[in-house]
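Taking it in order: structure first as structure tokens, then the write-up.
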2 protein chains.
Amino acid sequence: MSTLDAKSEQILRELSRHGRISNLELADRVGLSPSASLRRVQELERSGVIKGYRAVLDPAAMGIGFVAYIGVGLGDHSKASQEAFERAISGAPEVVECHNITGTIEYMLRVECADLPSYKRFHTDMLGALPQVTSITSYVVMGSPKDARA
Amino acid sequence: MSTLDAKSEQILRELSRHGRISNLELADRVGLSPSASLRRVQELERSGVIKGYRAVLDPAAMGIGFVAYIGVGLGDHSKASQEAFERAISGAPEVVECHNITGTIEYMLRVECADLPSYKRFHTDMLGALPQVTSITSYVVMGSPKDARA
DNA sequence: GGTGAAAATTTCAACAA
DNA sequence: TTGTTGAAATTTTCACC
């Protein structure tokens with residue numbers, strides 16, 4: 001299962017865009033019999049290439065009207081500081097992504113809130129209250145011309 | 001469908017994490033009969049709250065071993081420059097996300113490549129070759145302690 | 001919102017290339 | 001090993017209560 005052949009790649013392409021099409025439909029699109037298609041999908045799931053399935057929800061319907069990326073710098077690079085920060089972040093529902101990055105700052109967050117007031121609240125009460133955090137740079141998302149992960 | 005009740009929110013929570021569970025399983029988890037559950041899901045799909053379904057793939061299995069966020073600044077804020085940049089980006093498979101942001105720079109990209117050499121190639125041959133681009137700041141992702149969109 | 005039955009799909013064992 | 005067939009088990013779907 002080390003390297004994927006063309007059919008399996010085609011299956012992954014289909015499922016990454018249409019995660020809930022029937023196996024019959026999938027088999028038809030990739031040009032396999034339903035059982036051959038199913039066997040490949042099951043193997044891809046079993047081996048972990050397919051990690052799961054997600055419904056993609058409309059942010060607006062979920063009450064999300066404000067998205068920002070935030071660069072966060074810590075006062076020191078100690079493991080304790082990082083762990084404390086990550087622990088605080090893990091409990092914050094507004095933080096959808098937290099990436100540990102190289103460069104002049106330590107973290108890049110993606111934050112999703114209802115609106116600007118709730119973002120301000122998060123910014124001051126949550127981020128601003130963390131003693132490890134020494135710099136915060138907000139990049140408010142005005143639009144996403146491309147977002148394959150949405 | 002203006003505001004969602006508790007059951008529908010529960011359905012959305014389940015489907016956003018387990019997008020392919022059977023309707024029987026879903027109905028059981030949220031405490032509805034299969035037909036009531038199905039009716040709600042269909043309505044959520046029809047109204048656009050559920051925009052679709054996706055299989056979540058393992059990046060490593062897909063040959064992705066290098067992820068970075070890139071802040072991009074343009075030389076001018078003209079519509080022509082933005083359109084030219086976005087057009088170039090839309091054709092770059094390495095760019096998974098492109099966000100138009102507020103602040104000192106215009107764009108924040110998420111780029112996924114096989115490895116550092118292929119990233120360097122993208123960085124110089126693609127981004128560096130765009131005449132509109134005047135600043136590039138890479139934030140290489142070393143890890144993602146939290147990533148609800150993965 | 002629930003029930004029940006028809007239609008469609010998933011799943012798998014046996015077999016073929 | 002990978003693909004196919006066919007039939008049983010399961011699920012989806014919908015008219016009706």
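Letters A, B, ... are given to chains in the order of the sequence lines, protein chains preceding strands, and every chain is numbered from 1.
- Among the nucleotides C:dG1, D:dT11, C:dT9, the one closest to any side-chain atom of B:Leu32 is C:dG1.
- Side-chain atoms of A:Ser35 stay outside donor-acceptor range of the base of C:dT11, with no qualifying N/O pair under 3.5 Å.
- Residue B:Ser22 is in sugar-phosphate contact alone, with no base atom involved, counting any heavy-atom pair closer than 4.0 Å across all strands shown.
- With rounding to whole Å, A:Glu43 atom CD is found 18 Å from C:dT10 atom C1'.
- For the pair B:Ile21 CD1 and D:dT10 P, the computed distance is 18 Å after rounding to whole Å.
- One interatomic measurement links the two molecules: CG of B:Asp28 to C1' of C:dG2, which rounds to 15 Å at whole-angstrom precision.
- The shortest distance between the side-chain N/O atoms of A:Arg39 and the OP1/OP2 oxygens of C:dT11 is not below 4.0 Å.
- Residues A:His99 and B:Val67 fail the side-chain proximity criterion, which asks for heavy atoms closer than 4.5 Å.
- Crowding of A:Lys7 atom NZ: a count of heavy atoms from other residues, nucleotides or ligands under 6.0 Å exceeding 12.
- A salt bridge between B:Glu43 and B:Arg46 is present, with a side-chain N of the basic residue lying under 4.0 Å from a carboxylate O of the acidic one.
- As a whole-Å value, the separation of A:Arg40 CZ from C:dT11 P is 17 Å.
- Here D:dT5 presents its C1' atom at 15 Å from CG of A:Asn23, a figure rounded to the nearest Å.
- Of the candidates C:dT11, D:dT12, D:dT2, D:dT12 carries the atom nearest the B:Leu24 side chain, counting heavy atoms from C-beta on.
- Checking C:dG2, D:dT13, D:dT4 against every side-chain atom of A:Ser33, the shortest atom distance belongs to D:dT4.
- Between A:Glu97 and A:Arg149, at least one side-chain nitrogen of the basic residue sits less than 4.0 Å from a carboxylate oxygen of the acidic one, meeting the salt-bridge criterion.
- Here B:Gln42 does not reach the OP1 or OP2 of D:dT12: none of its side-chain N or O atoms lies under 4.0 Å away.
- The nearest whole Å value for the distance from the CD1 atom in A:Ile11 to the C1' atom in D:dT2 is 12 Å.
- To the nearest 0.5 Å, the span separating CD1 on B:Ile101 from OH on B:Tyr107 amounts to 10.0 Å.
- Distance A:Arg46 CZ to C:dT11 C1': 17 Å, rounded to the nearest Å.
- Annotation: of the two residues near DNA chain D, B:Leu38 and A:Pro34, the 5′-most nearest-nucleotide partner is A:Pro34.
- Rounded to a whole Å, the CD atom of B:Glu25 is 12 Å from the C1' atom of D:dT11.
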